[in-house]
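Just below is one structure, and these are the notes that go with it.
Heavy-atom basis, side chains included; hydrogens, waters and symmetry copies ignored.
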Amino acid sequence: MEQLAPNPFKAVPPGTIHELLRTDMTTRAAYVSDASIYRRLPAAVLEVRSVEDLRGAVALAGEKNWSITMRGGGTSVAGNGIGEGLVLDTSRYFNQILSIDPQARTARVQPGVICDQLRDAAGEFGLTYGPDPSTHSRCTIGGMVANNACGSHSLEWGTAAENLESVTLMLADGREVVFGPDGTDDPEINAKLLALRDGNLKTLRTELGQFPRQVSGYGLHYLLAENGFDAAKALAGSEGTCGIITEMTVKLVKRPLASALAVLAFETVFDAAEAAAVVRGTGMTTAEGMGYDLLEALRSRPGQDLAGSELPGVNDPAGGQDAGGWLFCEAVGDTVEQARGNAEDFVASVTTATSSIVVTEHAEARALWRIREAAAGIVTRLPDGGEAWPSWEDSAVPPKHLAHYLRDLYALMDRHGLRGIPFGHFGEGCVHIRLSFTLGTDEGVADFRSFMEEAADTIARYGGSVSGEHGDGRARSELLRRIYSREALEAFRTFKNILDPGRIFNPGVLVDPEVVDDRVRPGPGQRSFELLPVQALSRDGGSLVNAVNRCVGVGACRSDEGAMCPSFQATGDEVDSTRGRARVLSEMFRGESLPQAYRSTEVKDALDLCLSCKACASECPVNVDMATYKSEFLHKFYQRRIRPMAHYSMGWLPLLTHVLHRIPGMASVTNRLLGIGTVEKLVKKLGGIEPSRAMISFAPSSLQSWFARRQPSNGPRAGVGTRDAGTVVLWPDSFTNHLDTGPGLAAVEVLEALGYTVVMPQGFVCCGLTWHSTGQLDMAQKVLTRTLDVMEPYLRAGYPVVGLEPSCTVLLAHDLPEMLPDDPRAALMAKSVVSLGGLIEHRVPANGESGTEWPFEELDATAVSQVHCHERSQGDHGPAATVLRSVGVREEEIKTGCCGLAGNWGFEPGHAELSKTLGERELFPAIRAREAGDLVLADGFSCRTQITEGTGVDGLHLAEVLQKALVKKT
């Protein structure tokens with residue numbers, strides 16, 4: 001594989017602290033919240049590069065009288081990753097694995113190292129990092145230690161504290177102090193910590209460390225002599241309130257050679273909780289629980305109708321009610337057989353389970369685990385679409401009390417009229433649940449406070465903890481007085497004063513806490529500048545604020561897994577994440593930090609690098625659709641304003657090309673003129689097109705005109721209005737119609753060879769994609785209405801509408817009803833649209849048998865396949881993959897999602913460098929490294945354009961591949 005091109009966006013920038021300090025409102029607005037309900041506007045943000053940066057930042061904060069808040073992945077649901085002073089983000093640059101010692105089973109890391117990054121690196125030595133929260137693909141080790149995070153395998157490998165060897169902490173005077181397993185390297189601090197311990201022996205022994213998930217407050221019990229005076233572990237869970245972590249040495253554990261996942265179903269979630277209480281000591285490494293509500297919420301997501309059907313106790317063929325709760329329990333062993341045997345022995349011992357399954361195949365296990373891991377995002381929306389919020393989402397009790405506590409919690413929820421979806425680490429007594437608080441009114445906020453206080457009193461009765469792994473933050477620090485004695489609280493205060501006497505580090509958390517209902521982000525005032533959307537936003541009650549509030553900040557968009565979010569994956573900048581953009585939009589609605597609201601250039605800047613790839617619409621656990629929000633903002637921002645020229649030249653391209661082809665010979669003349677360098681430069685300048693991009697060329701004649709002149713190869717063409725089961729409408733999208741007709745010509749030949757009668761609408765029809773993506777929504781509605789006028793006879797005849805361009809097909813199938821909700825033809829059109837692969841899939845011969853109706857033979861070829869980002873997110877590539885396999889094409893699919901051109905976006909000035917970087921992630925190197933004779937597949941016109949420009953290779957559409965198979969046979 002050819003080495004990747006260097007990424008200019010992730011190169012460590014030179015400069016001084018003052019030069020690197022980000023004080024622009026776009027950045028500050030993006031950092032206004034984390035995954036919590038709280039809002040704090042920082043004075044500045046610094047993306048830390050080195051220890052020297054941190055020392056300079058501490059000095060600068062002292063000069064400016066700023067507080068200091070450390071931030072990693074920003075996935076805190078407790079509000080401990082936000083602050084009003086200086087926010088220090090370690091995730092982008094301060095993220096190196098310094099060393100791994102496989103003999104000692106330790107790793108030295110900087111705080112910004114991602115959990116999965118360390119796990120992957122340790123995997124080379126047969127090791128792994130034990131703590132694995134559901135956010136493992138984006139949370140940082142520094143944040144995990146700061147919150148004392150745990151994860152699903154804590155039953156076996158414990159909390160972050162238990163996997164910590166040493167911490168190097170920078171104090172407010174710039175000194176670095178090493179905290180280790182037997183104290184610190186600073187004698188004065190050691191003496192003070194010993195005095196704190198010895199003066200509070202009874203409190204530390206009787207109130208702290210009573211069960212594994214008691215992480216509220218400071219872990220001062222680790223200072224006890226019987227715990228070795230372990231200062232490092234005592235620092236875990238301090239939530240950035242004591243200093244700045246500059247380096248950590250963490251323990252690694254042996255990675256199991258084999259594992260087996262047992263999933264057990266129970267009649268109720270309480271039964272699951274009771275069973276989980278006895279899992280510790282059985283040899284199982286996990287005991288994760290969830291209630292039926294989680295499955296119901298998952299199924300409410302678009303395209304998830306069959307979600308969870310692989311769970312036991314679901315869709316029972318014999319009928320009956322689905323299970324009410326589940327436990328996910330993992331067994332390990334030296335062999336698969338041993339792991340399976342251990343899991344089956346455990347299942348046999350749980351007599352209260354109504355059904356169960358044991359799986360050892362990795363893909364099956366991952367499919368099941370994803371149901372549980374997706375919970376952190378899924379539960380932010382209830383099955384009926386209602387909002388659910390964190391704050392009381394991390395409580396924990398001794399496991400033997402879990403079932404009783406859950407019953408009391410449900411009763412408390414009923415009294416307050418709240419709903420929620422429980423899941424969590426049941427084997428350790430930890431429950432995650434987000435609740436349907438009404439935070440948009442003063443009354444709702446008051447009830448939120450009342451519930452939090454009563455819930456804390458409930459947990460106290462069971463000797464529990466208001467936090468089980470997420471830290472207390474702004475969500476629960478005030479509640480510590482309800483679960484701990486005055487002596488314990490005073491010990492916490494002393495610990496804070498020893499390390500941070502000036503109270504500059506994350507003030508308002510743990511000690512002298514802010515109140516739980518202070519400055520709630522979705523609270524009163526958020527809707528000061530709510531704008532009326534053009535699109536229906538039917539899933540969000542017609543409210544763009546409701547839509548933006550889907551983002552609660554779990555940060556899946558910050559992961560390198562999957563296709564979301566390509567701009568963040570390239571830049572690593574929080575502003576370029578889906579979450580960052582959602583935060584900026586939320587600030588726009590509030591109108592405080594961004595008083596110009598929807599006229600704010602800061603919002604436009606935040607949205608500038610959004611490619612509208614729609615990956616977030618499917619990969620985000622709560623289906624945030626930033627492409628739609630961007631189109632609504634641009635529509636409002638440019639209302640009665642002159643737009644960028646690219647919005648006219650590229651946004652109106654479908655109409656311009658239609659007019660061009662109405663004049664005989666004009667397309668060829670235009671191509672010749674654009675072949676003249678000076679003319680091309682002038683046209684790009686006048687059209688507002690990125691100068692480094694090659695100009696597109698126009699087909700000599702349109703697909704429609706070619707189709708109107710030809711005679712079908714399989715008999716007379718059916719007339720519109722006659723019902724013919726073999727008649728299909730080939731949709732002449734603007735790209736296939738006017739720019740690259742090859743896929744259209746091939747599709748007609750292929751469809752007719754399959755026995756279809758092909759018809760094609762004449763005149764101007766368009767899905768309105770380019771107007772939609774540039775925010776010209778009024779014009780998009782007009783274009784779509786005209787299109788439906790032309791298409792009405794075909795729709796009433798019941799003909800399938802076959803789309804070749806994935807972006808157009810997806811818009812017609814998904815966005816059209818939202819654009820024209822009151823036009824019944826829009827829904828009819830959406831139901832009629834089918835991709836070429838979707839139409840042909842059911843014709844594929846079973847078991848490889850060929851028949852007289854199957855006119856293809858195998859090509860026996862390997863192909864690099866770039867699936868269009870819209871097809872990946874809101875379409876279905878499965879049918880096309882089936883068809884390709886049927887003609888002997890072995891598809892090697894690009895995993896990184898968007899090719900980087902993204903339609904008009906890649907042609908807009910200033911986007912070329914990022915566009916190229918996105919192509920160089922995987923797509924371009926894979927094409928360059930392919931074997932001779934291998935095909936390159938790309939159904940999207942933009943994808944083929946990007947491939948040609950980036951590699952000099954011409955990509956093929958599915959229709960063209962089938963044409964090759966057809967031609968080969970004949």
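A side-chain donor-acceptor contact under 3.5 Å links Lys10 to the backbone of Gln569. For the pair Asn95 (side chain) and Ile114 (backbone), a donor-acceptor distance under 3.5 Å is absent. Checking side-chain atoms of Asn7 against main-chain N and O of Ala570 turns up a donor-acceptor pair under 3.5 Å. Without hydrogens or angle criteria, Asn227 side chain to His221 main chain gives a donor-acceptor distance under 3.5 Å. At least one donor-acceptor pair under 3.5 Å links the side chain of Thr140 to the backbone N or O of Gly143. Side-chain atoms of Thr135 never come within 3.5 Å of backbone atoms of Arg138 as a donor-acceptor pair (strictly under, hydrogens ignored). Under the 3.5 Å distance criterion, the side-chain polar atoms of Asn148 are matched with a main-chain donor or acceptor of Ala161. Of the possible donor and acceptor atoms, none in the side chain of Arg519 sits under 3.5 Å from a partner among the backbone N and O of Tyr38. Between the Thr241 side chain and the Ser238 main chain, a donor and an acceptor come within less than 3.5 Å of each other. Panel note: side chain Glu124, backbone Ala121; no donor-acceptor pair is recorded below 3.5 Å.
Here CZ of Phe9 is found 4.5 Å from CD of Glu913. Values are rounded to the nearest 0.5 Å. With rounding to the nearest 0.5 angstrom, the CZ atom of Phe495 is 6.5 Å from the CG atom of Leu223. Atom-to-atom distance recorded for Leu918:CG and Leu611:CG is 6.0 Å, nearest 0.5 angstrom. Distance check, rounded to the nearest 0.5 Å: OG1 of Thr27 to CG of Asp573 gives 6.5 Å. A distance of 7.0 Å separates OG1 in Thr896 from CG in Leu923, rounded to the nearest 0.5 Å. Distance check: Ile100 CD1 to Phe125 CZ gives 5.5 Å after rounding to the nearest 0.5 Å.
Leu98 places a side-chain heavy atom less than 4.5 Å from the side chain of Gln110. A heavy-atom distance below 4.5 Å is found between the side chains of Met248 and Val145. His911 has its side chain within reach of Asp608: a pair of non-hydrogen atoms, C-beta onward, lies under 4.5 Å apart. Side-chain atoms of Phe179 and Thr184, non-hydrogen and from C-beta on, do get closer than 4.5 Å to each other. Side-chain contact between Val554 and Pro621 is present, with at least one heavy-atom pair separated by less than 4.5 Å. Side-chain contact between Val250 and Leu118: present, with at least one pair of heavy atoms (C-beta onward) separated by less than 4.5 Å. At least one side-chain heavy atom of Pro925 sits less than 4.5 Å from a side-chain heavy atom of Glu920. In this structure, the side chains of Pro13 and Arg49 come closer than 4.5 Å at one or more pairs of heavy atoms.
Using cut-offs of 30° and 60° on the angle between ring planes, the pair Tyr218 and Phe492 is perpendicular.
For Cys610 against Lys630, the heavy-atom pair with the smallest separation is O-NZ, 2.7 Å. The shortest heavy-atom contact between Ser391 and Ile37 is OG-CD1, 3.4 Å. The two atoms that bring Glu514 and Arg474 nearest to each other are OE1-NE, 3.0 Å, heavy atoms only. Ile894 and Ala926 get closest at one heavy-atom pair: CD1-CB, 3.8 Å. Nearest heavy-atom pair across Val603 and Met588 is CG2-CB, 3.9 Å. When all heavy atoms are compared, the tightest approach of Gln96 to Val113 is O-CG2, 3.4 Å.
Comment: Glu176 engages Arg55 in a salt bridge, judged by a side-chain N to carboxylate O separation of less than 4.0 angstrom. In this structure, Arg22 pairs ionically with Glu47, as a charged nitrogen and a carboxylate oxygen lie closer than 4.0 Å. The residues Arg583 and Glu587 are annotated as not salt-bridged, no charged nitrogen and carboxylate oxygen being separated by less than 4.0 angstrom. The existence of a salt bridge linking Arg40 and Asp518 is confirmed by a sub-4.0 Å separation between a basic side-chain nitrogen and an acidic carboxylate oxygen. Using a 4.0 Å cut-off between charged nitrogen and carboxylate oxygen, Asp512 and Lys496 do not count as a salt-bridge pair.
Between the side chains of Asn80 and Asn506, no donor-acceptor pair is found at a separation under 3.5 Å. A side-chain donor-acceptor contact under 3.5 Å links Asp89 and Tyr31. Between the side chains of Glu428 and Ser154, at least one donor-acceptor pair of N or O atoms lies under 3.5 Å. Side-chain contact annotation: Thr75 with Arg558, donor-acceptor N/O pair under 3.5 Å absent. A donor atom on one side chain and an acceptor atom on the other are not found under 3.5 Å apart for Ser586 and Arg39.
With Ile17 as the partner, the side chain to side chain contact (heavy atoms under 4.5 Å, CB included) test is satisfied by one option alone out of Val48, Leu54, Asp53: Asp53. A side chain to side chain donor-acceptor pair (under 3.5 Å) with Ser467 is found for exactly one of Arg213, Gln214, Arg476, namely Arg476.
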Should Arg108 and Asp101 be marked as a side-chain contact (heavy atoms from CB on, under 4.5 Å) after you check the CA-CA gap, both sets of side-chain angles, and the distance that decides it? CA-CA 9 Å; Arg108 288 176 52 239; Asp101 186 336; over 6 Å; no
With side-chain contact (heavy atoms from CB on, under 4.5 Å) as the criterion, how do Asn497 and Arg503 come out once you've worked through the C-alpha distance, each side chain's angles and the decisive distance to 0.1 Å? CA-CA 8 Å; Asn497 288 340; Arg503 305 292 179 89; 2.6 Å; yes
Test side-chain hydrogen bond (donor to acceptor under 3.5 Å, both in side chains) on Ser137 and Asp116 and set out the steps. CA-CA 5 Å; Ser137 65; Asp116 275 358; 5.0 Å; no
Using the salt bridge (charged side-chain N to carboxylate O under 4.0 Å, His left out) rule, take Glu574 and Arg92 through it: C-alpha gap first, then chi angles, then the decisive distance, then the call. CA-CA 9 Å; Glu574 174 71 17; Arg92 191 175 187 183; over 6 Å; no
Step by step, would you call Arg581 with Ser567 a side-chain contact (heavy atoms from CB on, under 4.5 Å)? CA-CA 11 Å; Arg581 294 178 180 121; Ser567 52; 2.9 Å; yes
Donor-acceptor contacts under 3.5 Å from residues 56-68 side chains, at least two apart:
unit_1 : atom_1 : unit_2 : atom_2 : d
Ser67  : OG     : Gly85  : N      : 3.4

